[in-house]
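Counting starts at 1 for both ligands and their atoms, in listed order.
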Amino acid sequence: MTTLSTALRQAQAQGLDRLDAQLLLLHVLGQEAHDRAWLLAHDSDALPAAAEGRLAALVSRRAAGEPLAYIIGQREFFGLDLEVSPSVLIPRPDTEILVEWALAHLPLSPEPPMAVLDLGTGSGAIALALKAQRPGAQVQALDRSEAALDVARRNAARLGLDITFTQGNWLQGNHQRYHLIVANPPYVADADPHLPALAHEPRQALTAGTEGLDDLRTIIASAPAHLHPDGHLLLEHGHDQATRVRQLLHTAGFDDIASRRDLAGIERCSGGRLSGSMSAST
Ligand code: GLN
């Protein structure tokens with residue numbers, strides 16, 4: 001008989017982290033994704049034969065490098081359990097910095113409500129986190145990929161969060177104005193040496209030209225025409241792009257340009273405020 005603790009040891013013997021092995025085991029047993037206490041309490045239980053076969057298949061996929069989030073189809077972001085698929089980038093803890101920053105620009109219940117746009121929403125992570133924290137905000141989420149929008153729509157429906165989803169190519173053809181535009185766009189350079197490690201994720205969500213700045217440039221140049229006076233644009237970018245992104249924001253007419261650091265002290269988000277006169281003149 002294979003017990004749960006034996007199954008965990010076998011998965012680790014194939015090279016898996018203990019945490020990944022535990023999450024896969026919980027998944028095949030149909031238990032809550034994060035209920036590792038349940039596993040500890042049941043470690044001498046027998047693993048049903050059907051679950052053993054399923055677990056072996058999932059352990060092989062993980063050992064071959066497939067991200068855990070895609071195998072179990074789920075990832076936690078800002079306290080929300082999100083569905084993910086290979087059509088969307090896996091939400092990263094880094095992006096929670098952008099969400100925290102955006103929340104600082106969103107009062108709890110302003111009158112009239114604030115209009116927020118998440119560009120390149122993917123799984124919907126940023127838009128959903130903002131709507132969960134600021135139910136009064138009018139949140140719109142846009143992506144170019146219909147497959148990504150399907151995932152994001154399912155997340156919104158399951159979480160009961162009312163978001164407007166739109167298919168589009170950044171701000172092209174959009175005639176609305178927002179108080180806040182946020183984006184975690186593709187920003188990896190086409191020849192970045194880290195790309196092989198990201199091979200399971202959608203390439204179009206990751207790369208943006210030789211310097212990784214193509215989409216950031218497009219968004220920054222077009223945002224002023226879509227912001228209310230004193231509206232903010234806040235962007236996630238690569239670890240070495242803060243100076244360039246601040247320059248681009250400056251050239252586009254933004255004021256109060258600032259960056260936010262991650263836990264390692266690296267500037268990973270930059271943004272600014274569109275002064276009233278800039279917005280009115282566009
Ligand atoms: N943060 C991701 C990575 O470097 C990239 C995300 C993006 O391009 N927006 O792994």
Side-chain angles (χ1 to χ4, degrees), residues 17 20 62 65-71 74-78 80 82-102 116-130 141-145 147-149 151-152 155 168-171 180-223 233-246 248-249 259-271:
D17 290 344
D20 284 5
R62 182 70 196 108
E66 190 172 340
L68 185 96
Y70 288 154
I71 299 174
Q74 197 180 334
R75 173 75 167 213
E76 192 264 355
F77 179 81
F78 219 84
L80 303 175
L82 299 181
E83 174 194 330
V84 296
S85 81
S87 306
V88 301
L89 197 74
I90 299 167
R92 310 284 205 269
D94 304 319
T95 306
E96 297 188 346
I97 301 163
L98 184 65
V99 171
E100 297 275 9
W101 198 11
V116 181
L117 174 64
D118 174 18
L119 283 173
T121 197
S123 63
I126 298 172
L128 293 162
L130 295 178
L142 177 144
D143 209 283
R144 196 170 56 182
S145 155
L149 286 171
V151 173
N155 278 322
N169 185 9
W170 303 133
L171 289 156
L180 174 65
I181 299 178
V182 291
N184 171 19
Y187 53 68
V188 177
D190 286 339
D192 190 288
H194 299 103
L195 277 175
L198 304 171
H200 291 271
E201 298 190 70
R203 183 81 180 218
Q204 74 271 20
L206 287 166
T207 58
T210 51
E211 302 169 294
L213 289 168
D214 289 6
D215 291 302
L216 285 160
R217 230 183 245 119
T218 303
I219 292 168
I220 293 169
S222 52
L233 172 65
L234 306 178
L235 301 160
E236 180 175 323
H237 51 68
H239 65 96
D240 55 357
Q241 294 171 332
T243 307
R244 293 298 306 280
V245 172
R246 286 195 299 263
L248 291 168
L249 287 163
S259 296
R260 284 282 172 113
R261 295 176 193 274
D262 63 16
L263 289 175
I266 298 167
E267 293 175 323
R268 290 298 311 281
C269 297
S270 295

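- Taking every heavy atom of L206 and a limit of under 4.0 angstrom, the matching atoms of ligand 1 come to 5 (C), 8 (O).
- Every atom of ligand 1 is numbered from 1 in the order shown, and the set under 4.0 Å from a heavy atom of L198 is 10 (O).
- Between R75 and E201 there is no salt bridge, since none of the side-chain N atoms of the basic residue sits less than 4.0 Å from a carboxylate O of the acidic one.
- With a heavy-atom cut-off of 4.0 Å, H194 does not touch ligand 1 at all.
- Proximity of A208 to ligand 1 is not established, as no heavy-atom distance is less than 4.0 Å.
- P185 places a side-chain heavy atom less than 4.5 Å from the side chain of W170.
- With hydrogens left out, the protein atom closest to atom 8 (O) of ligand 1 is Y187 N, 3.2 Å, a heavy atom.
- When non-hydrogen atoms are compared, ligand 1 lies under 4.0 Å from neither the backbone nor the side chain of T207.
- Under a 4.0 Å criterion applied to the non-hydrogen atoms of P186, ligand 1 contributes the atoms 8 (O).
- Panel note: side chain D94, backbone D262; no donor-acceptor pair is recorded below 3.5 Å.
- Of all protein heavy atoms, the one lying nearest to atom 4 (O) of ligand 1 is V188 CG2, 4.3 Å.
- One distance of note links CG of L89 with OG1 of T95; it measures 7.5 Å at 0.5 Å rounding.
- Between atom CD of residue E236 and atom CZ of residue R268 there is a gap of 5.0 Å, rounded to the nearest 0.5 Å.
- At least one donor-acceptor pair under 3.5 Å links the side chain of R92 to the backbone N or O of I90.
- Interatomic distance, T218 OG1 to L248 CG, rounded to the nearest 0.5 Å: 10.0 Å.
- Checking side-chain atoms of E96 against main-chain N and O of F78 turns up a donor-acceptor pair under 3.5 Å.
- Per-residue contacts place N184 under 4.0 angstrom from the following atoms of ligand 1 (heavy atoms of the residue considered): 7 (C), 9 (N).
- For atom 3 (C) of ligand 1, the nearest protein heavy atom (residue, atom name, distance) is R92 NH2, 3.9 Å.
- Close contacts between ligand 1 and L89 involve ligand atoms 6 (C) [criterion: under 4.0 Å to a heavy atom].
- Proximity of P185 to ligand 1, defined as any heavy-atom pair under 4.0 Å, is confined to the backbone N, CA, C and O atoms.
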